[in-house]
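A short write-up of the structure that comes next.
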Amino acid sequence: WAKAEGRGRWAVYDPERGARDIARSALAAGLPAALERGEFVVHYQPIVSLLDSTMVAVEALVRWQHPELGLLGPDAFIGLAEETGLIVQLGRWVLDRACRDARGWLTEFPDARLVVSVNLAARQADDPAIVATVAEVLSSSGLPADLLQLELTESAVMGTAGEPLRSLHRLSDLGVRLAIDDFGTGYSNLAYLRRLPIHSLKLAGPFVEGIRADGPDSPAGHRDERIVDALVRLAHAVELWVTAEAVETAAQAELLRALRCDTGQGRFFGPPAPADEITARLRGEP
Ligand code: C2E
Ligand code: MG
Ligand code: MG
Ligand code: MG
C-alpha cells in the first residue's frame, strides 16, 4: 500500500505498521533460502466441465511450508516475491513442478488429457526470457504445449505492447493456452482482449458469489445473473471459453451451467489439494 499513498505525503507514525513491516521484511528475506531448501509445495484445484462434471484441468496454487509458521497461502508471500523479484525464480519452479506433475498424469491417464493451469505474475510475463523459459520447461518435462494454460490478470495484460505482447503471441504459437484470471475485477475490456491471443476467461469470484445469493428472487441476484449472462455471451461471441471461479454451492453450479459457462472451479468441485489427491480422483477413488 506504500504506492497507493502516493508520493510526497507524510506518513503518520504507526507502531503497529512498524511491526508489520518488520514481519514482512523478515518473510521476504527468507524467500530465497526457502526456495533452495525446497519449502514450497504446489497444490492443485480441479476445474470441472459444467456439462458432464468431468475434471478437465487443474490450477496450480503455490504454498510455503514454513518451518515455524506452518503452511502459508500465496497471499502471504506472492506480493513479497513480486516486490523482491524472486517471483521470476519461484514462478519458474512452480511452472516446472506443475508441468512434471501434469506429464505424470498424462502418462497414467492418457484419456483424461488433464490441462494444468499456472498463474503468471506480471513480472514474469514482462520477462524477456519468458518464452524460452516456458519452451525449456515443456521440453524437459515432456508435457505437450496444449496441456499447459497460463493465467494472467487483466492488469498484467492491459496496455501490453512491444516485446511483452510479442511474448504472448509466441507463447500462443507454441500451443500454450492463455487465460485471463479474475476477469471482471479490472478493466474488463473485451474489445482489447480480443486483440490478444487469449483462449479463455476466468470469471471472478464476486460475480459467482452474487448469483442467487439471497435466493432466485433477490434483485441483487438477478442483476449479477444478467451480468454473467452478458459476459458469457460476449466471451463466446469472440470464441473464448469461460471458467467460473469460486463456485461454492450446487445452486451456483446449476445456474452457471444454465448460463452456458463452460467450466467451474471452487470448493463445490473440490478445494486445492496435494498432487496425490488429484491422482486418486483421476483413478476414480472417492
Ligand atoms: P487465483 O489465481 O484467482 O486462485 C484462486 C484462489 O481462489 C485460490 O486461492 C483458491 O484457493 C481460492 N478458492 C478456491 N475455491 C474457492 C471457493 O470456492 N471460494 C473462494 N472464495 N475462493 C476459492 P489461493 O490458493 O490462496 O491463491 C490466491 C492467489 O495467489 C491466486 O488467485 C493467484 O493470484 C496467486 N497465486 C497462487 N499461486 C501462484 C503462483 O504460483 N504464481 C503466481 N504468480 N501467483 C500465484
Ligand atoms: Mg488463500
Ligand atoms: Mg489463477
Ligand atoms: Mg482467479
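These figures come from a predicted structure and were not determined experimentally. The chain is numbered in sequence order, starting from 1.
Counting heavy atoms from C-beta on, the side chains of L201 and W241 never come closer than 4.5 Å. Counting only heavy atoms from C-beta outward, the side chains of L27 and L72 approach each other to under 4.5 Å. By the 4.5 Å heavy-atom criterion applied to side chains, L50 and R260 are not counted as neighbours. With a 4.5 Å cut-off on side-chain heavy atoms, L106 and L114 do not count as touching. The side-chain heavy atoms of T133 and V131, taken from C-beta on, include no pair separated by under 4.5 Å. The shortest side-chain heavy-atom distance between V116 and L148 falls under the 4.5 Å cut-off. No side-chain heavy atom of V48 sits less than 4.5 Å from a side-chain heavy atom of T263. For the pair W93/L35, a side-chain contact is recorded, criterion being any heavy-atom separation below 4.5 Å from C-beta on.
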Walk me through it: do L196 and L165 pass the test side chain to side chain contact (heavy atoms under 4.5 Å, CB included)? CA-CA 8 Å; L196 299 173; L165 181 59; 3.2 Å; yes
Would Q65 and E39 count as a side-chain hydrogen bond (donor to acceptor under 3.5 Å, both in side chains) if you check the C-alpha gap in whole Å, the side-chain angles of each, and the deciding distance to 0.1 Å? CA-CA 5 Å; Q65 187 62 64; E39 289 173 5; over 6 Å; no
What's the verdict on side chain to side chain contact (heavy atoms under 4.5 Å, CB included) for I278 and L282, showing C-alpha distance, side-chain angles and the deciding distance? CA-CA 6 Å; I278 298 299; L282 286 164; 4.2 Å; yes
Please report the C-alpha distance between E225 and D229 in whole Å, then the side-chain angles of each, then the deciding distance to 0.1 Å, and finally whether the side chain to side chain contact (heavy atoms under 4.5 Å, CB included) criterion is met. CA-CA 6 Å; E225 279 169 48; D229 184 39; over 6 Å; no
Verdict with supporting geometry, W105 and T279, side-chain hydrogen bond (donor to acceptor under 3.5 Å, both in side chains): CA-CA 7 Å; W105 289 319; T279 307; 2.9 Å; yes
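Pairing each heavy atom of R63 with each of P74, the nearest pair is NH1-CD, 3.2 Å. Counting all heavy atoms, side chain and backbone alike, P46 lies closest to F269 at CG-O, 4.1 Å. The two residues C261 and A244 have their closest heavy-atom pair at SG-CB, 4.1 Å. A246 and V208 make their closest contact through O-CG1, 3.7 Å (heavy atoms, listed as atom of the first residue, atom of the second, distance). For the residue pair L259 and V232, the shortest heavy atom distance occurs at O-CG1, 3.4 Å. What you find for Q124 and G91 is that their closest heavy atoms are NE2-CA, 3.3 Å.
Side chain of H199 to main chain of L178: a donor-acceptor pair is present (N/O by atom type, distance under 3.5 Å, no hydrogens or angles). With hydrogens and angles ignored, the 3.5 Å screen pairs no side-chain donor or acceptor of D182 with any backbone N or O of A204. One N or O on the side chain of Q252 and one on the backbone of T249 form a donor-acceptor pair closer than 3.5 Å. Not a single donor-acceptor pair under 3.5 Å links the side chain of E277 to the backbone N or O of P274. Here the side chain of R103 pairs a donor or acceptor atom with the backbone of G142 at under 3.5 angstrom. Side chain of S172 to backbone of L168: no donor-acceptor contact under 3.5 angstrom is found. For the pair S49 (side chain) and L51 (backbone), a donor-acceptor distance under 3.5 Å is present.
In summary, of the residues considered (Q265, E151, E59), a side chain to side chain donor-acceptor pair (under 3.5 Å) with S117 occurs for E151 alone.
To the nearest 0.5 angstrom, F77 atom CZ is 10.5 Å from H66 atom NE2. N119 CG to L152 CG: the interatomic distance, rounded to the nearest 0.5 Å, is 9.0 Å. Note: S200 OG to E239 CD = 13.5 Å, rounded to the nearest 0.5 Å. Within the model, atoms CG of L95 and CD1 of I130 stand 7.0 Å from one another, a figure rounded to the nearest 0.5 Å. Here the straight-line distance linking atom CZ of R223 with atom CD1 of I211 works out to 13.0 Å at 0.5 Å rounding. In this structure, CD on E245 lies 8.5 Å from OG1 on T185, to the nearest 0.5 angstrom.
The cluster map of Ile, Leu, Val, Met, Phe, Trp and Tyr, joined by side-chain heavy atoms under 4.5 Å apart, puts V134 and V88 in the same cluster. Cluster membership check: L120 does not share its hydrophobic cluster with L61, using side-chain heavy-atom separations under 4.5 Å among Ile, Leu, Val, Met, Phe, Trp and Tyr. I227 is connected to L234 through a chain of hydrophobic side-chain contacts under 4.5 Å among Ile, Leu, Val, Met, Phe, Trp and Tyr, so both are in one cluster. Connection of L255 to I47 is not established within any shared hydrophobic cluster, with ILVMFWY side chains joined at heavy-atom distances below 4.5 Å, either directly or through further cluster members. In the hydrophobic clustering of ILVMFWY residues, with side-chain heavy atoms under 4.5 Å counting as a link, V94 and L80 come out together.
Using a cutoff of 4.0 Å between basic side-chain nitrogens and carboxylate oxygens, D146 and R113 are scored as salt-bridged. Between D96 and R92 there is no salt bridge, since none of the side-chain N atoms of the basic residue sits less than 4.0 Å from a carboxylate O of the acidic one. Ion pair E83/R24 flagged as a salt bridge, since at least one NZ, NE, NH1 or NH2 atom sits closer than 4.0 Å to an Asp/Glu carboxylate oxygen. With respect to E154 and K202, no salt bridge is recorded, no charged nitrogen being found less than 4.0 Å from a carboxylate O.
Residue-environment remark: CZ (R123) exceeds the threshold of 12 foreign heavy atoms within 6.0 Å.
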